[in-house]
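Heads up, the thing below is written out as structure tokens.
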Amino acid sequence: MISRRAMLTAGASALAFPAAAQDSRSLKAIAAAKNFTFGTAAASYELKDADFTPILAREAAQLVPEYEMKRRALETRPGVYDFADLDTLFAYAARNRMTMRGHTLCWYYANPAWLAPMLAAKRDEKLLTDHIRTVLRRYRMDSVDVVNEALAPPGTATRADGFRPSIWLDAFGPGYIDMAFHAARAADPRVKLVYNDWGFEQGSADNDRFRSVTLRLLDGMLKRKTPIDALGIQGHLSAFGNKVDQRKLRAFLQEIRDRGLIILITELDVDDTGGSYDIAARDRAVADEARRFLDVALDNPATQAVLTWNLSDRYVDAPDEWKLKLLAWRLRKTPYDAQMRKKPLWDAMAQAFAGRRLHY
Ligand code: 9MR
């Protein structure tokens, strides 16, 4: 005899995952039908993988370099650039009729070792603006993260304005942000200029404070007529940790739209650290959390793109969590597993994309 508890469990999972036929279209096709772009992070070495590239080309309309546009990867010595890997990625995108997103021109992290001491000694604006000009003059991109993560993560701010300590803040004060955006606009009048960060999606009081310092930062930029087109919402979610607060996220996205800014979901993935060892349960929790996020993000007409931070678990770094390491498990953050099979996250994304209301 089937227990009442088993019946309830079966009923609940049937509700969460109706046995709908899987959408046979690609994510980029489903997204395009709803007026937005689907893309993903990638790296040039992945393009040698013959199991992977056909799926990448089929699914994605846009690529963003996972790390090959970071300054440490490009400007190995002052003024000396190595563009080889990044050129490979751009050439692949062009061959496959994909657009590119840039990430990132100014960040506190992933800078070459020579930069911090030189900046501290000279405080020369050209150490910021020459780099921005060099990258933007070389590549045609749809959008670019001009400044990434300038604000202290939720709960860690040590300053009233919420800025994160960085070599740039030390050298120029908060004015480095405007400096970077002006240099970017001067170098490329067409590319969408983005401020990109994480911590907007969840409901804690620390997230509330983070949302309000972000609005203050954006309001200041808009008031000073600093050229900015979009807010990049990274979308690093957690299946078993701090959950998306749909009501607060919806209200925040409305604030962004009210300011005339575009919204880009730039680095969507769902961390499945914690929870049970049951793979099916993990995958369901990952899919559910992404769906809760995307339903709100896509309901805002200002949202013009969704990019995942990798397309396949094959290219997600090995987890730090010792138990997972011991079992040789990987994090299951992305729409495809390491064997390039679609996961429940793929279905959740396809359904959220297909369900977008169009606002004409
Ligand atoms: O995924 C990226 C990893 O491979 C790099 O080593 C790391 C440092 O360059 O950056 C990771 O990507 C980060 C992104 O650039 C900014 N947002 C957070 C991302 C990590 O989740």
Side-chain angles (χ1 to χ4, degrees), residues 3 5-23 27 38 40-42 46 49 51-52 55-56 59-60 66 198-199 201-204 207 233-246 249 265-298 306-355:
S3 72
R5 189 187 157 86
M7 269 176 68
L8 281 176
T9 317
S13 59
L15 266 184
F17 285 91
Q22 200 163 61
D23 203 317
L27 290 173
F38 173 69
T40 188
E46 300 167 3
D49 178 347
D51 292 339
F52 175 69
I55 295 174
L56 181 66
E59 295 281 26
E66 184 175 3
W198 60 272
E201 303 88 353
Q202 293 84 10
S204 75
N207 293 98
I233 303 220
Q234 292 185 7
H236 291 297
L237 310 182
S238 168
F240 302 106
N242 201 358
K243 291 296 182 70
V244 169
D245 184 315
Q246 290 185 306
L249 177 64
I265 308 303
T266 52
E267 305 183 11
L268 177 63
D269 63 8
V270 189
D271 195 311
D272 63 325
T273 306
S276 82
Y277 289 116
D278 174 357
I279 294 276
R282 280 176 180 268
D283 285 355
R284 262 198 316 278
V286 162
D288 279 348
E289 189 59 0
R291 181 70 195 263
R292 294 179 60 252
F293 171 73
L294 286 171
D295 282 348
V296 175
L298 291 172
V306 174
L307 291 96
T308 50
W309 205 240
N310 285 308
L311 188 62
S312 163
D313 296 339
R314 181 176 291 196
Y315 295 117
V316 169
D317 294 340
D320 292 330
E321 213 190 0
W322 69 269
K323 285 181 288 189
L324 293 181
K325 244 184 197 164
L326 205 66
L327 294 170
W329 279 6
R330 292 166 189 265
L331 290 178
R332 301 178 63 84
K333 294 175 148 188
T334 76
Y336 279 86
D337 73 10
Q339 287 72 45
M340 300 310 299
R341 293 176 304 217
K342 285 177 184 172
K343 292 163 52 194
L345 176 55
W346 189 98
D347 294 306
M349 291 174 57
Q351 287 168 16
F353 288 11

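Throughout, numbering of the chain's residues begins at 1 and tracks the sequence. In this text the structure is predicted, and so the values were computed from the model without any measurement.
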[X]: partners by salt bridge (charged side-chain N to carboxylate O under 4.0 Å, His left out), with sequence neighbours left out:
{"X": "Lys243", "result": "none"}
{"X": "Glu289", "result": "Arg292"}
{"X": "Asp337", "result": "Arg341"}

Given side chains that start at C-beta, do those of [X] and [Y] come closer than 4.5 Å, heavy atoms only?
{"X": "Trp309", "Y": "Val316", "answer": "no"}
{"X": "Glu59", "Y": "Lys342", "answer": "yes"}
{"X": "Asp271", "Y": "Lys333", "answer": "yes"}
{"X": "Lys343", "Y": "Asp313", "answer": "yes"}
{"X": "Thr308", "Y": "Asp269", "answer": "no"}
{"X": "Thr40", "Y": "Leu307", "answer": "no"}
{"X": "Ile233", "Y": "Thr266", "answer": "no"}
{"X": "Leu311", "Y": "Pro335", "answer": "yes"}

Test applied, side chain to side chain contact (heavy atoms under 4.5 Å, CB included); reference residue, Glu201; option that passes from Val244, Asn242, Asn207 =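 When side chain to side chain contact (heavy atoms under 4.5 Å, CB included) is applied between Glu201 and each of Val244, Asn242, Asn207, only Val244 qualifies.
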Asp283 and Arg332 ion-paired at < 4.0 Å =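 Judged by the 4.0 Å cut-off on N to carboxylate O distance, Asp283 and Arg332 do form a salt bridge.
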Would you say the side chains of Asp347 and Gln22 form a donor-acceptor pair under 3.5 Å?
->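 Yes, a side-chain donor-acceptor pair sits under 3.5 Å.
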Would Asn310 and Thr334 count as having a side-chain donor-acceptor pair, cut-off 3.5 Å?
->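 No - no donor-acceptor pair under 3.5 Å links their side chains.
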What do the steps show when you test Tyr315 against Phe52 for ring-ring contact (aromatic ring centres under 6.0 Å, His included), and what is the final call?
-> CA-CA 10 Å; Tyr315 295 117; Phe52 175 69; 5.0 Å; yes
Point-to-point distance, once rounded to the nearest 0.5 Å, from CZ of Arg282 to CD1 of Ile279 =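 Going from CZ on Arg282 over to CD1 on Ile279, the span is 6.5 Å.
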Are His236 and Leu268 close enough, and set up right, to give a side-chain contact (heavy atoms from CB on, under 4.5 Å), and what steps lead you there?
-> CA-CA 5 Å; His236 291 297; Leu268 177 63; over 6 Å; no
Check the angle between the aromatic planes of Phe353 and Phe38 and answer parallel, tilted or perpendicular using the 30° and 60° thresholds.
->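 Tilted: the ring planes of Phe353 and Phe38 meet at 30° to 60°.
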